[in-house]
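Let me begin by presenting the structure, written as structure tokens, before commenting on it.
Every heavy atom of this structure was used, including side-chain atoms; hydrogens, water molecules and symmetry mates were not. One-based numbering, in listed order, for ligands and for the atoms of each.
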Amino acid sequence: MPVGQIVKAISGFYYVRTEAGDVLQCRARGVFKFEKKKLTPLVGDVVEVDATGLGEGVVTSVQPRHSELTRPPIANVDQAMVVCSLRQPRFQQMPVDRFLVHAEREGLEIVIVLTKSDLIKDGREIEQVREIYQAAGYPVIATSIHSGDGLEAVKERLAGKISVFAGQSGVGKSSLLNQLLPNRQLETGSVSKKIGRGRHTTRQVELLPLDGGGQVADTPGFSQLSFQGMEPADLGDCFPEFRGRADQCRFRGCLHLNEPGCEVRAALENGEIHPGRYRHYETFMNEIKEALMRRY
Ligand SMILES: Nc1nc2c(ncn2[C@@H]2O[C@H](COP(=O)(O)OP(=O)(O)OP(=O)(O)O)[C@@H](O)[C@H]2O)c(=O)[nH]1
Ligand SMILES: [Mg+2]
Ligand SMILES: [Zn+2]
């Protein structure tokens, strides 16, 4: 039975690229389950298909995933390109930090991609953002589709991997991909002047092959991201700049809030951890605790 990968899903149809390179339009047969959980096939899933002829088929099984994101919905990616614009809309640290937690939970490689650098007159702003994230251990690439800034660096990071472009609507995910995929023109949209937000131009997740190996997924912009199902003790692990220090906290299970002998707080106080990142840790911790209270 041929094995393939779901590259797109639209209203109950799964588009499966087989090893032979054909794309079959498939329905799913039956209910798939892992660990007793009902599972809906996602873009990125490796599946078995029954070819029924004329470019059509049926998905008969889904293989276990090595990673899974709910927003954007995609399975088996290796790397997340966290895309955020510098202007139109203005850079916002909160949604980036929020998404980073989700990507860290799935153990993804992460690159922060800043877009629209042509709209910035003073390079210091880029340097400030770079400092925040490089101190946390993330590579940061500033890009512009107009000046060509950073495009080669993004290409190098994508080579040979399965990556997802994730970020809010209007930050320029599809525009950037159009620069990297000369044979594909993805639809792009304008940013509303009035509310400074994108218009949700991209409607579905699509996995696209890259010249020279690797694949990349364009995804719809999203804004709401919650921490449902997370435990307070999980959060620190999703901040790479906390991880090495947490082992040295006085108490095991230290949540790095008010505990004495906390090495994360010590690093914050001597300026090794960025205060904005720590503030977001506290915000997310409160959200996780509130969600837990509602559950019981
Ligand atoms: N000045 C400038 N504008 C850019 C750049 N990249 C994208 N844009 C503009 O930003 C707007 C939104 O771009 P899209 O690529 O549609 O954004 P998106 O992230 O794919 O948005 P959704 O599909 O809605 O999630 C368009 O008007 C683009 O022309 C850039 O590097 N510089
Ligand atoms: Mg788009
Ligand atoms: Zn601690």
Side-chain angles (χ1 to χ4, degrees), residues 8 71-74 80-92 95-96 99 113-121 126 141-151 153-154 164-181 184-193 195-208 216-225 232-239 241-270 272-273 278 281-282 285:
K8 195 159 68 168
R71 270 176 196 224
I74 191 161
M81 309 300 279
V82 185
V83 186
C84 195
S85 51
L86 290 154
R87 288 281 185 283
Q88 294 177 15
R90 200 168 250 287
F91 178 79
Q92 289 176 281
V96 171
F99 181 76
V113 178
L114 304 174
T115 57
K116 315 194 190 185
S117 70
D118 54 282
L119 299 178
I120 289 261
K121 294 200 180 65
I126 296 176
I141 305 174
T143 68
S144 163
I145 61 164
H146 297 309
S147 72
D149 198 16
L151 299 184
V154 171
V164 59
F165 271 42
Q168 291 181 301
S169 178
V171 297
K173 301 179 293 299
S174 305
S175 305
L176 188 52
L177 278 170
N178 281 340
Q179 303 294 310
L180 308 172
L181 302 161
R184 273 304 291 258
Q185 281 309 304
L186 303 163
E187 198 190 337
T188 62
S190 58
V191 172
S192 149
K193 281 253 154 44
I195 53 170
R197 282 199 225 123
R199 299 175 194 273
H200 295 282
T201 308
T202 303
R203 292 284 168 184
Q204 61 251 340
V205 178
E206 184 171 4
L207 202 48
L208 306 151
V216 63
D218 191 16
T219 69
F222 57 88
S223 42
Q224 297 301 322
L225 255 192
D234 298 337
L235 188 61
D237 280 345
C238 299
F239 282 70
E241 67 271 54
F242 291 16
R243 280 198 292 253
R245 297 175 163 111
D247 303 338
Q248 280 124 50
C249 291
R250 187 178 307 161
F251 297 109
R252 267 188 67 194
C254 182
L255 294 179
H256 325 305
L257 297 170
N258 306 306
E259 297 94 332
C262 173
E263 284 301 312
V264 170
R265 296 281 305 215
L268 171 71
E269 271 145 40
N270 67 28
E272 289 169 32
I273 285 178
Y278 184 80
Y281 172 80
E282 285 180 309
M285 182 61 81

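- Ligand 1 has no nitrogen or oxygen under 3.5 angstrom from a nitrogen or oxygen of Thr188.
- For the side-chain contact (heavy atoms from CB on, under 4.5 Å) test with Leu177, the passing option among Val83, Thr202, Leu186, Val154 is Leu186; the others fail.
- Salt-bridge formation is detected for the pair Arg184/Glu206: a Lys NZ or Arg NE/NH1/NH2 atom is positioned less than 4.0 Å from an Asp or Glu carboxylate oxygen.
- Under a 4.0 Å criterion applied to the non-hydrogen atoms of Ser175, ligand 1 contributes the atoms 6 (N), 7 (C), 13 (O), 14 (P), 15 (O), 28 (C).
- Considering both main-chain and side-chain atoms, Ile145 comes within under 3.5 Å of ligand 1 through a nitrogen or oxygen pair.
- Geometrically, ligand 1 and Ser117 share no nitrogen or oxygen pair separated by less than 3.5 Å.
- At least one N or O atom of Ser169, backbone or side chain, sits closer than 3.5 Å to an N or O atom of ligand 1.
- Of the polar atoms of Gly172, at least one N or O is found under 3.5 Å from an N or O of ligand 1, judged by distance alone.
- The N/O atoms of Lys116, backbone and side chain alike, include one that comes under 3.5 Å of an N/O atom in ligand 1.
- In Leu186, neither the side chain nor the backbone holds a heavy atom less than 4.0 Å from any atom of ligand 1.
- Polar contact check, Glu187 against ligand 1: no nitrogen or oxygen pair lies under 3.5 Å apart.
- Using the six-membered ring where Trp is involved, Phe239 and Tyr281 have ring planes that are perpendicular, over 60° apart on the 30 and 60° scheme.
- Short contacts between ligand 1 and His200, defined as distances under 4.0 Å to a heavy atom of the residue, involve ligand atoms 24 (O).
- Between Gly170 and ligand 1, at least one pair of N/O atoms sits closer than 3.5 Å.
- Side chains of Asp149 and Ser144: no donor on one and acceptor on the other come within 3.5 Å.
- Of the polar atoms of Val191, none of the N or O atoms is found under 3.5 Å from an N or O of ligand 1, judged by distance alone.
- Contacts with ligand 1 closer than 4.0 Å are made by no heavy atom of Val83, backbone or side chain.
- Between Ser174 and ligand 1, at least one N/O pair is under 3.5 Å apart.
- Within His256, the N/O/S atom positioned nearest the Zn ion (ligand 3) carries the name ND1.
- Vertex the Zn ion (ligand 3), arms ending at SG of Cys254 and SG of Cys262: the angle is 110° after rounding to 10 degrees.
- For the Mg ion (ligand 2), the set of nearby N, O or S atoms under 2.8 Å includes one belonging to Thr202.
- Here Ser174 meets the criterion, with an N, O or S atom under 2.8 Å of the Mg ion (ligand 2).
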